[in-house]
Amino acid sequence: MSPAVKDYYEILGVSKGASLDEIKKAYRKLARKYHPDLNPGNKVAEQKFKELSEAYGVLSDPKKKSEYDQFGRSPFESGGPWYEGAKTYNFRDVFDVGGFGDAFSDIFGRKMRADTVHEKGPDMVIGLELSLEEAFSGVTKPITFNREITCRSCNGSGAESSQVCDTCKGTGNVKVSKGFFRMSQLCTDCRGTGRKITKVCHSCGGRGKTLQGESMKVKIPRGVDTGSMVKLRGMGGAGAGGGHAGDLHIEITVSPHRIFKRKGDDVYLDLPVTFGEAALGAKIEIPTIDGTAVMTLPSGTQGGQRFKLSGKGFPSPKTGVRGDQFVDIKIIVPKDITGKAKEAIRDIESLYRENPRKDMVRK
């Protein structure tokens, strides 16, 4: 084989021992890049695409691949036993699909249906506000919303009467040329239905959809947080051509609470205590998200000190395991102090053995 002629394996970027799946994958990737429809007027890309198709046509056929591995390109050049002229190989061989439109949907990442116009309807999103307690325990809430449904008068066709489309002869498809290929695409005159409307439906005005109000109760699971989504399948917008309705997504917002703050599955509480409770220690009844709990405050507790109540937070929506509640101590000093109280406080002050701000004093 002349070194000036590119090796088929080199063209596809695969090794000589590559499997058929690896060859297909390599061709698919390069075909996306160099296909003439994606590079209009680019002669270099057009030539590259021809080379790719030629290489794939040989290496994807076990017999031809065996001949190529033994004799190189000579059997496939003009006059050779496998010569097929300037043939460009059909994409259906690459993607193992039954129709040309399906192949292009795989290559270009878009759906090009020639055999169906069924489409799922659009999804919808509505908001729902919950209290922190409702988010903790879960709740069933009423919701109301409007959505488009398939017109019951015409069953989604948009027509009171129709006739066979004279453009596509009722097939819903028309043939068009795309570079080297001739392919099927949806008939634009009948939108792929194969029929033309002769009289528009009086209920939907030809849209095939009507607006309907919905009222229902929805169960919100325990543990949700702001940004959580609850999905109701089939409660979104109507589909096209008999396709399924979309889904309804309920986006949760949890209102701020008067005393609790939430971070993930944990709950935080600022707990006011007196000087005596902090200094001497005390058993204190404190609120939690689902009731009350008794916490032992040790003597000598400092302001800003944090305590943890394990398992008193929110349940995880995924595992059900509860988070923790953290309690931050806030020592409250009375504003109205009597003369007798002042004397008692001075006596306590005299008991301090060192300056509490000594680390702040410059040396």
Side-chain angles (χ1 to χ4, degrees), residues 101-102 105-106 109-160 162 172 186 188 190-195 197 199-257 262 264-265 289-290 314-322:
D102 291 329
S105 73
D106 192 41
R110 64 178 185 265
K111 195 68 175 171
M112 297 180 65
R113 293 177 299 277
D115 57 346
T116 179
V117 291
H118 300 323
E119 290 184 357
K120 182 184 176 183
D123 290 345
M124 297 171 53
V125 179
I126 64 171
L128 182 64
E129 188 170 359
L130 304 179
S131 67
L132 193 69
E133 291 83 358
E134 289 174 329
F136 169 78
S137 60
V139 66
T140 298
K141 300 280 281 189
I143 59 172
T144 58
F145 59 97
N146 294 323
R147 68 176 183 129
E148 286 187 327
I149 63 170
T150 300
C151 177
R152 294 188 176 94
S153 297
C154 65
N155 199 30
S157 69
E160 282 191 23
S162 62
L186 294 181
T188 56
C190 65
R191 296 180 296 177
T193 64
R195 300 189 68 83
I197 297 175
K199 186 177 181 181
V200 170
C201 173
H202 66 282
S203 297
C204 65
R207 296 183 62 249
K209 304 174 184 179
T210 56
L211 195 64
Q212 175 174 290
E214 301 280 6
S215 296
M216 62 179 62
K217 291 183 178 180
V218 58
K219 185 176 181 180
I220 307 298
R222 65 197 305 252
V224 295
D225 200 356
T226 294
S228 296
M229 303 289 281
V230 177
K231 181 167 71 173
L232 300 182
R233 294 186 182 277
M235 293 306 297
H244 294 296
D247 301 322
L248 175 67
H249 298 269
I250 302 172
E251 185 173 11
I252 303 298
T253 299
V254 180
S255 304
H257 195 272
R262 179 183 179 184
D265 294 332
I289 192 65
D290 60 342
F314 266 69
S316 167
K318 294 182 179 179
T319 66
V321 177
R322 290 183 61 171

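Predicted model, so just to flag it, every value in this text is computed and none were measured.
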Requested in this report: Please list, chain by chain and in numerical order, all residues satisfying salt bridge (Lys or Arg N to Asp or Glu O under 4.0 Å) with K231, sequence neighbours excluded.
Outcome: none
Requested in this report: Scan residues 238-254 for pairs that pass salt bridge (charged side-chain N to carboxylate O under 4.0 Å, His left out), counting only residues two or more places apart or in two chains.
Outcome: K120-D247
Report summary line: Heavy atoms of T150 and G239 approach each other most closely as OG1-O, 4.4 Å
Query - I143 CD1 to I126 CD1 distance, which is reported to the nearest 0.5 Å - result: 4.0 Å
Requested in this report: Taking salt bridge (Lys or Arg N to Asp or Glu O under 4.0 Å) as the test, write out the residues that go with K318, two or more places apart.
Outcome: none
Requested in this report: Could you tell me the separation between the CE atom of M124 and the CE atom of M235, rounded to the nearest 0.5 Å?
Outcome: 8.5 Å
Acceptor/donor pairs from residues 216-226 side chains to any protein atom, 3.5 angstrom cut, sequence neighbours excluded:
from, atom 1, to, atom 2, distance (Å)
T226, OG1, V254, N, 2.9

Report summary line: Sorted by chain and number, sequence neighbours left out, salt bridge (Lys or Arg N to Asp or Glu O under 4.0 Å) with R152 holds for none
Query - With S153 via side-chain hydrogen bond (donor to acceptor under 3.5 Å, both in side chains) - residues at least two apart - result: S203
Query raised in the report: Hey, does the side chain of R262 reach the backbone of G264 with a donor-acceptor pair shorter than 3.5 angstrom?
Result: yes
Query - Listed partners of N155 passing side-chain hydrogen bond (donor to acceptor under 3.5 Å, both in side chains), at least two apart - result: none
Query raised in the report: In chain order, what residues pass the side-chain hydrogen bond (donor to acceptor under 3.5 Å, both in side chains) check against H244, with sequence neighbours excluded?
Result: none
Report task. Please list, chain by chain and in numerical order, all residues satisfying salt bridge (Lys or Arg N to Asp or Glu O under 4.0 Å) with E129, sequence neighbours excluded. Result -> none
Query raised in the report: Do you know the tightest heavy-atom contact between C204 and C154?
Result: SG-SG, 3.7 Å
Query raised in the report: Got a sec, which residues hit ring pair (Phe, Tyr, Trp, His ring centres under 6.0 Å) with H249, two or more places apart in sequence or on another chain?
Result: none
Query raised in the report: If you look only at pairs with a residue in residues 138-147, which of them pass as a side-chain hydrogen bond (donor to acceptor under 3.5 Å, both in side chains), with sequence neighbours excluded?
Result: E134-K141, R147-E214
Query - All side-chain hydrogen bond (donor to acceptor under 3.5 Å, both in side chains) counterparts of R322, not counting sequence neighbours - result: D290
Report task. Determine the minimum heavy-atom distance between G205 and V200, stating which atoms define it. Result -> C-CG1, 3.1 Å
**Report entry** CZ-CD1 distance between R195 and I197, expressed to the nearest 0.5 angstrom
**Finding:** 10.5 Å
Requested in this report: Determine the minimum heavy-atom distance between G234 and A245, stating which atoms define it.
Outcome: O-CB, 3.6 Å
Query - Side-chain touch S157/S162, heavy atoms, less than 4.5 angstrom - result: no
Report summary line: Between F314 and I289 the two heavy atoms that sit nearest each other are CE1-CG1, 4.2 Å
